[in-house]
Amino acid sequence: MNKAASVDTIIDAGWVIPVMPAGQELAAHSVVVDSGRIVDVISTERAHARYQAERHLRLPGHVVLPGLVNAHTHAAMTMFRGMADDLPLMEWLNNHIWPAEGRIVSENYVRDGTRLAIAEMLRGGTTCFNDMYFFPDVTARVAVEAGMRACVGLIVIDFPTVWAENADDYLRKGLALHDEARHQPLISTAFAPHAPYTVSDEPLRRIRTLADELETPVHIHVHETADEVNGAVAASGQRPMARLSELGLLSPRMLAVHMTQLDEADITLAASHGVHVVHCPESNLKLASGFCPVAQLQARGVNVALGTDGAASNNDLDMLGEMRTAAQLAKAVASDAAAVPAHAALAMATINGARALGLDDEIGSLEPGKAADIIAIDLDHPSTQPVYSPISTVVYATCRDQVTHVWVNGNAVLDNRELMTVDTQAAVASAAYWRQQLLEGGA
């Protein structure tokens, strides 16, 4: 009789959803973890025969699945949650958000706002986030302290801010952070030019060259509103996607965020160049920005990932809720109840986000050899019973309060609903402090 192999952790579950292969639902299965990696996804009976673990969790009423990937955030903007609601995008930005940022943004603000965001995201099952904000070095540091995976945006804007003076300064600081981040296993980077209307041609050309040299993604808001597209056409005669194509930025390295205003030529450009689209349905709905044609994009082979945007415009960082909204909105936009079925929505929140970030060899699905970024959700709840399909239950009925356990790289960061790496009381206290600062109009 073969001796059972020793491993760090065995997680027994009522169901395991590996995401890859698509749509698979494995009843009475276990995930086996050792040294931060997934060793096996196997029936619970066979797992008990083959392995012995230092920690053995038995979760018969739970579903276990990959950690969720939030492919577009402005994490520190949690401190603006609810500050300027019910306004259109440009009024919201020009008259409220940008003036407030000018008064308040600092290293301490970004530290506290990111810590609050991470506490919220981990409790909701998000294990990786793709961020775009000032002081990205601070964001990276807070993520490392919390044991959370992050792709940190090397932000670029033409105009000066508290973070940098001009495009050259943004890129200089960003490249320094890129070099530093190579030594952090949980941190990757992406160039993050804010938008076509805030970054001119020369910095975009330089970003294209650097992204190719460093094999780094480019994360940019594009075709977010009709006003953006109309303004670009009036100024240059070109739609933003056409301009980005001319500049050589459209490629499999590009993450085009929002993409609510697309015509057939825009969709063809995205599909032919392998552009990834990051869909932020709840933010787009709240700001009345428009509808991303998800079903059309997917039909053309475009990889569509999912993001929450910032809490200032969502107003939460709840990827389970975002999945539900994405699936339901896609059906309404396509006039097709079969558009974006539950398994496709789950893929948008997991493996598709990992692909967009170039991390799909590491995360996004439960496969042997990948990093153990795993979540467990308790379905023994009146609102999620009975269970016919655990994937449909997760997408259409589950709320984030049902997430009980989260592991990143095999490390427990949420254990039986308790955050292990973030001081929740301190995070909440800091929110009260920054609210008072904003109300008083100072920093």
Side-chain angles (χ1 to χ4, degrees), residues 7-11 13 16-19 31-39 41 53-55 57 59 62-71 73 75 114-131 139-152 181-189 305-308 317-320 346 349-351 353-377 400 402-424 427:
V7 294
D8 294 336
T9 305
I10 298 174
I11 308 163
V16 172
I17 302 171
V19 172
V31 180
V32 182
V33 175
D34 192 56
S35 299
R37 316 299 291 185
I38 297 169
V39 173
V41 179
E54 182 178 328
R55 188 181 189 202
L57 274 79
L59 304 172
H62 286 62
V63 60
V64 167
L65 60 155
L68 306 178
V69 178
N70 189 341
T73 62
T114 301
R115 181 176 57 182
L116 183 66
I118 286 174
E120 179 181 359
M121 287 191 283
L122 288 176
R123 288 175 62 89
T126 294
T127 55
C128 176
F129 68 105
N130 179 36
D131 203 56
T139 300
R141 186 162 62 247
V142 175
V144 169
E145 290 169 356
M148 189 173 191
R149 198 177 300 275
C151 179
V152 180
R182 288 184 298 177
H183 306 293
Q184 292 288 354
L186 294 180
I187 303 298
S188 57
T189 60
L306 197 61
T308 59
L317 306 176
D318 179 3
M319 284 290 288
L320 286 169
L346 180 58
T350 51
I351 192 65
R355 286 192 188 112
L357 297 173
L359 297 174
D360 49 313
D361 286 342
E362 277 288 291
I363 63 170
S365 59
L366 301 182
E367 299 178 76
K370 284 195 172 185
D373 289 15
I374 303 168
I375 66 173
I377 302 174
R400 58 181 169 175
Q402 291 170 256
V403 176
T404 60
H405 297 76
V406 176
W407 295 263
V408 177
N409 228 28
N411 297 312
V413 291
L414 184 76
D415 189 17
N416 200 24
R417 294 186 170 90
E418 182 181 352
L419 281 171
M420 308 302 292
T421 57
V422 181
D423 185 332
T424 304

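We use all heavy atoms of the structure for the numbers below, so side chains are in, but hydrogens, waters and symmetry mates are not.
- Closest approach of Gly124 to Leu320, counting heavy atoms only: O-CD1, 4.1 Å.
- Across all their heavy atoms, Ala146 and Thr421 have their closest contact at O-OG1, 2.7 Å.
- Closest heavy-atom contact between Ala354 and Gly364: CB-CA, 4.1 Å.
- A heavy-atom distance below 4.5 Å is found between the side chains of Leu122 and Met148.
- Applying side chain to side chain donor-acceptor pair (under 3.5 Å) to Thr404 and the options Arg417, His62, Glu418 leaves one that passes, His62.
- Rounded to the nearest 0.5 angstrom, Leu317 CG and Leu116 CG are separated by 8.5 Å.
- No donor-acceptor pair under 3.5 Å is formed between the side chain of Asn70 and the backbone N or O of Phe129.
- Proximity of Asp318 to Thr308: side-chain heavy atoms (C-beta onward) are nowhere separated by under 4.5 Å.
- Nearest approach of Thr139 to Asp131, heavy atoms of both residues: CG2-OD2, 3.7 Å.
- Across all non-hydrogen atoms, the minimal contact from Leu366 to Ile17 is CD1-O, 3.9 Å.
- Ionic pairing of Glu145 and Arg115 is not present here: no N-O contact between side-chain nitrogen and carboxylate oxygen is shorter than 4.0 angstrom.
- With contacts defined as side-chain heavy-atom distances shorter than 4.5 Å, the pair Arg37/Glu362 qualifies.
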Side-chain donor/acceptor pairs under 3.5 Å, residues 368-377, sequence neighbours excluded:
unit_1 : atom_1 : unit_2 : atom_2 : d
Lys370 : NZ     : Asp360 : O      : 2.8
Lys370 : NZ     : Ile363 : O      : 3.3
Lys370 : NZ     : Ser365 : OG     : 2.6
Lys370 : NZ     : Glu367 : OE2    : 3.3
Asp373 : OD1    : Arg149 : NH2    : 3.0
Asp373 : OD1    : Asn409 : N      : 2.7
Asp373 : OD2    : Arg149 : NE     : 2.7
Asp373 : OD2    : Arg149 : NH2    : 3.3

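- For the residue pair Leu359 and Ser188, the shortest heavy atom distance occurs at CD1-OG, 4.1 Å.
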